[in-house]
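We name chains A, B, ... by the order of the sequence lines, and we start the count at 1 in each one.
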There are 2 protein chains.
Amino acid sequence: MISIGELAIRTGVKIPTIRYYEQQGLIAAPHRSSGNQRRYSAQDAKRLGFIRHARDLGLPLDAIRELLRLSEHPGEPCGDADRIAAGHLKLVREKIARLQGLERELQRIASGCNAEHVRDCYVLQSLSNHSLCADEH
Amino acid sequence: MISIGELAIRTGVKIPTIRYYEQQGLIAAPHRSSGNQRRYSAQDAKRLGFIRHARDLGLPLDAIRELLRLSEHPGEPCGDADRIAAGHLKLVREKIARLQGLERELQRIASGCNAEHVRDCYVLQSLSNHSLCADEH
DNA sequence: CTTGAACCTCTAGCCGCTAGAGAGATTAGA
DNA sequence: TCTAATCTCTCTAGCGGCTAGAGGTTCAAG
C-alpha cells in the first residue's frame, strides 16, 4: 500500500492527474488510510502504468477506458483493441500529413523574408494574401 | 457593409468564432445596424482573412495578435514577425518528430497482434508492459 | 511533541472554440 | 402591408486533459 505521492513517482503521473483519472472513472476509488488519505496497491499501480503508456502514445481517455474494459475480459476476441490502435494510428498519420503541409508553407514564408521593415515583410504579406501560398492548407 | 453571416461566408470563419475574436480583442467591435446587428467593412474582412490564414497555419491567437499589431506599424523592423514565424516552424517540426515516434510505435504494436483473444493481444500487452517498446516516447 | 512535508477537497482557469436557449431584427414574397 | 422564414443578438455552459491555488488535515521523522 503506497501513498498517492509514491504512486506518482513510480508511474510518472502527476498527483492531480491521478485524482482526475479517479474522478473520470479510469481508476477505481482506492482504499483510504484512517486519516482519509489514498492508499494504492501494486495492481492499482499497474493499471495506472497502462493508462500512462496509452496516454504517451496519444490515445484519448475514452479509448483508454475501452481498452481497460477489454483487458478485463481475457476470453473475448481482441479485434476491438486492434481497431482502436489502428484507428489512432490513422489519426496520427493524418496529423503528421497536415503538419508537414504547414511545415512546408511556414518554411517557405519564413525563409522568404529579406525585408528590413514591416511594410515589405514577406511573412506579413503572405498572411494578408492567401494567393501567395503554394498549396491550400 | 456586410452582415456577420456574409462575413463568415466570405472568410470561412464561423459566426461564433468571429464574435469570439471580437471578445478577445483580435478584431475591433464593428459598427452596428439600427437594430444592433454587426456590420462589417471590407477592411474588417481583410483583417479577419489575415487571422484565418494565420490560424490555418496553426499560429496561436497570442502570436496572431502580435503579428496584427506589427502590421499596423509599417515603418518598424520586421524581425519580430520573422521570429514568430520561425518559432512556430520550430514548434511544428517538434510536433512532427514526436508524432513520427508515436507512429512508429503504434505501427509496431498494431501490426504485431495476431491473437484471437484479449488474453494474448499484443496491443494490450504492449500497453501493460512498457519494456516491449522499441524506444521511449 | 513538534515540525514540515505530504495529503485532502473544492473551485477556477487554460486554449480555441462550439452548442444551445430565448429573444429581437431583417428581408423576401404574397 | 403583413407574414413567415431566416438571421442575428446576448448569455451561459461545455469540450479534453489537465493544472494551479486556497485553506485545511494527516503523516512521519527527530
Side-chain angles (χ1 to χ4, degrees), chain A residues 1-27 29-40 44 48 50-68 84 87-88 91-92 95 98-99 102 137, chain B residues 1-27 29-40 44 48 50-68 84 87-88 91-92 95 98-99 102 137:
Chain A
M1 287 303 196
I2 58 173
S3 70
I4 195 170
E6 184 62 31
L7 180 65
I9 290 165
R10 288 200 201 171
T11 59
V13 178
K14 289 180 189 162
I15 291 174
T17 305
I18 296 173
R19 292 198 275 243
Y20 173 74
Y21 288 165
E22 179 185 330
Q23 193 201 311
Q24 298 301 304
L26 284 157
I27 54 180
H31 298 290
R32 298 282 183 141
S33 73
S34 58
N36 199 35
Q37 299 193 352
R38 290 172 178 81
R39 290 295 177 262
Y40 294 93
D44 292 332
L48 187 57
F50 183 105
I51 296 170
R52 167 78 208 269
H53 195 177
R55 282 298 297 138
D56 282 349
L57 288 170
L59 286 153
L61 297 189
D62 269 1
I64 297 173
R65 217 188 307 271
E66 179 66 11
L67 289 170
L68 286 165
I84 288 170
H88 184 60
L91 254 174
V92 166
K95 273 194 190 170
R98 175 171 144 66
L99 285 171
L102 299 194
H137 26 262
Chain B
M1 287 302 193
I2 58 174
S3 70
I4 197 170
E6 183 63 29
L7 181 66
I9 289 165
R10 287 199 201 170
T11 58
V13 179
K14 288 181 189 159
I15 292 174
T17 306
I18 297 172
R19 292 198 275 244
Y20 173 74
Y21 287 165
E22 178 185 331
Q23 194 201 310
Q24 298 301 305
L26 285 158
I27 54 179
H31 298 292
R32 297 282 182 142
S33 72
S34 56
N36 198 37
Q37 298 193 353
R38 292 171 177 82
R39 291 294 177 261
Y40 294 93
D44 291 333
L48 187 56
F50 182 105
I51 296 170
R52 168 77 208 269
H53 195 177
R55 282 298 296 138
D56 281 349
L57 288 169
L59 285 152
L61 296 189
D62 270 0
I64 297 173
R65 219 188 307 272
E66 179 66 12
L67 290 170
L68 285 166
I84 288 171
H88 185 58
L91 254 174
V92 166
K95 273 192 191 170
R98 175 170 145 67
L99 284 171
L102 299 195
H137 25 262

Rounded interatomic separation in angstrom, taking [atom1] from [X] and [atom2] from [N]:
| X | N | atom1 | atom2 | answer |
| --- | --- | --- | --- | --- |
| A/Leu59 | D/dC18 | CG | P | 12 Å |
| A/Gln24 | D/dC15 | CD | C1' | 12 Å |
| A/Ile4 | D/dT25 | CD1 | C1' | 15 Å |
| A/Ile18 | D/dT19 | CD1 | P | 12 Å |
| B/Arg65 | C/dC15 | CZ | C1' | 12 Å |
| B/Ile15 | D/dC9 | CD1 | C1' | 11 Å |
| B/Ile51 | C/dC15 | CD1 | C1' | 16 Å |
| A/Ile2 | D/dA28 | CD1 | P | 13 Å |

Calculate, to the nearest 0.5 Å, the distance between atoms [atom1] and [atom2] belonging to [X] and [Y] respectively.
| X | Y | atom1 | atom2 | value |
| --- | --- | --- | --- | --- |
| B/Leu59 | B/Arg65 | CG | CZ | 13.0 Å |
| B/Ile9 | B/Ile4 | CD1 | CD1 | 11.5 Å |
| A/Leu61 | A/Leu67 | CG | CG | 11.5 Å |

Open item on the list: Whether the side chain of B/His88 engages the backbone of B/Leu57 through a donor-acceptor N/O pair (distance < 3.5 Å, no angle test) should be reported.
Closed with: yes
Task: Residue pair B/Ala63 / B/Ile84: nearest heavy atoms and the distance that separates them - done: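 For B/Ala63 versus B/Ile84, the nearest heavy atoms are CB-CG2, 3.9 Å.
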List every contact pair, protein side and nucleotides 18-23 of chain C side both N or O, where the distance is under 3.5 Å.
| from | atom 1 | to | atom 2 | distance (Å) |
| --- | --- | --- | --- | --- |
| C/dT18 | OP2 | B/Thr17 | OG1 | 3.3 |

Task: Under the side-chain hydrogen bond (donor to acceptor under 3.5 Å, both in side chains) test, residues paired with A/Arg10 that sit two or more places apart - done: A/Glu6
Open item on the list: Among residues at least two apart in sequence or on other chains, which ones pass side-chain hydrogen bond (donor to acceptor under 3.5 Å, both in side chains) with A/Arg39?
Closed with: none
Task: Selection: residues 30-40 of chain B, any non-hydrogen atom under 4.0 Å of DNA chain D - done: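 Within this stretch, B/Arg32, B/Asn36, B/Gln37, B/Arg38 sit under 4.0 Å of the strand.
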Protein N or O to nucleotides 11-14 of chain C N or O, pairs below 3.5 Å:
none

Open item on the list: Under 4.0 Å from OP1 or OP2 of C/dG16: is there any side-chain N or O of B/Tyr21 that close?
Closed with: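 Checking C/dG16 against B/Tyr21, no side-chain N or O comes under 4.0 Å of OP1 or OP2.
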TODO: Would you mind telling me which residue lines up with the more 5' stretch of DNA chain D, A/Leu61 or B/Glu6, judged by nearest nucleotide?
DONE: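 Final value for this comparison: B/Glu6.
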Task: Any side-chain heavy-atom pair of A/Asp44 and A/Ile27 under 4.5 Å - done: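 Sidechains of A/Ile27 and A/Asp44: no contact.
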Residues 11-24 of chain B side chain polar contacts: donor-acceptor under 3.5 Å, at least two apart:
| from | atom 1 | to | atom 2 | distance (Å) |
| --- | --- | --- | --- | --- |
| B/Thr11 | OG1 | B/Leu7 | O | 2.8 |
| B/Thr11 | OG1 | B/Val13 | N | 3.3 |
| B/Glu22 | OE1 | B/Arg38 | NE | 2.7 |

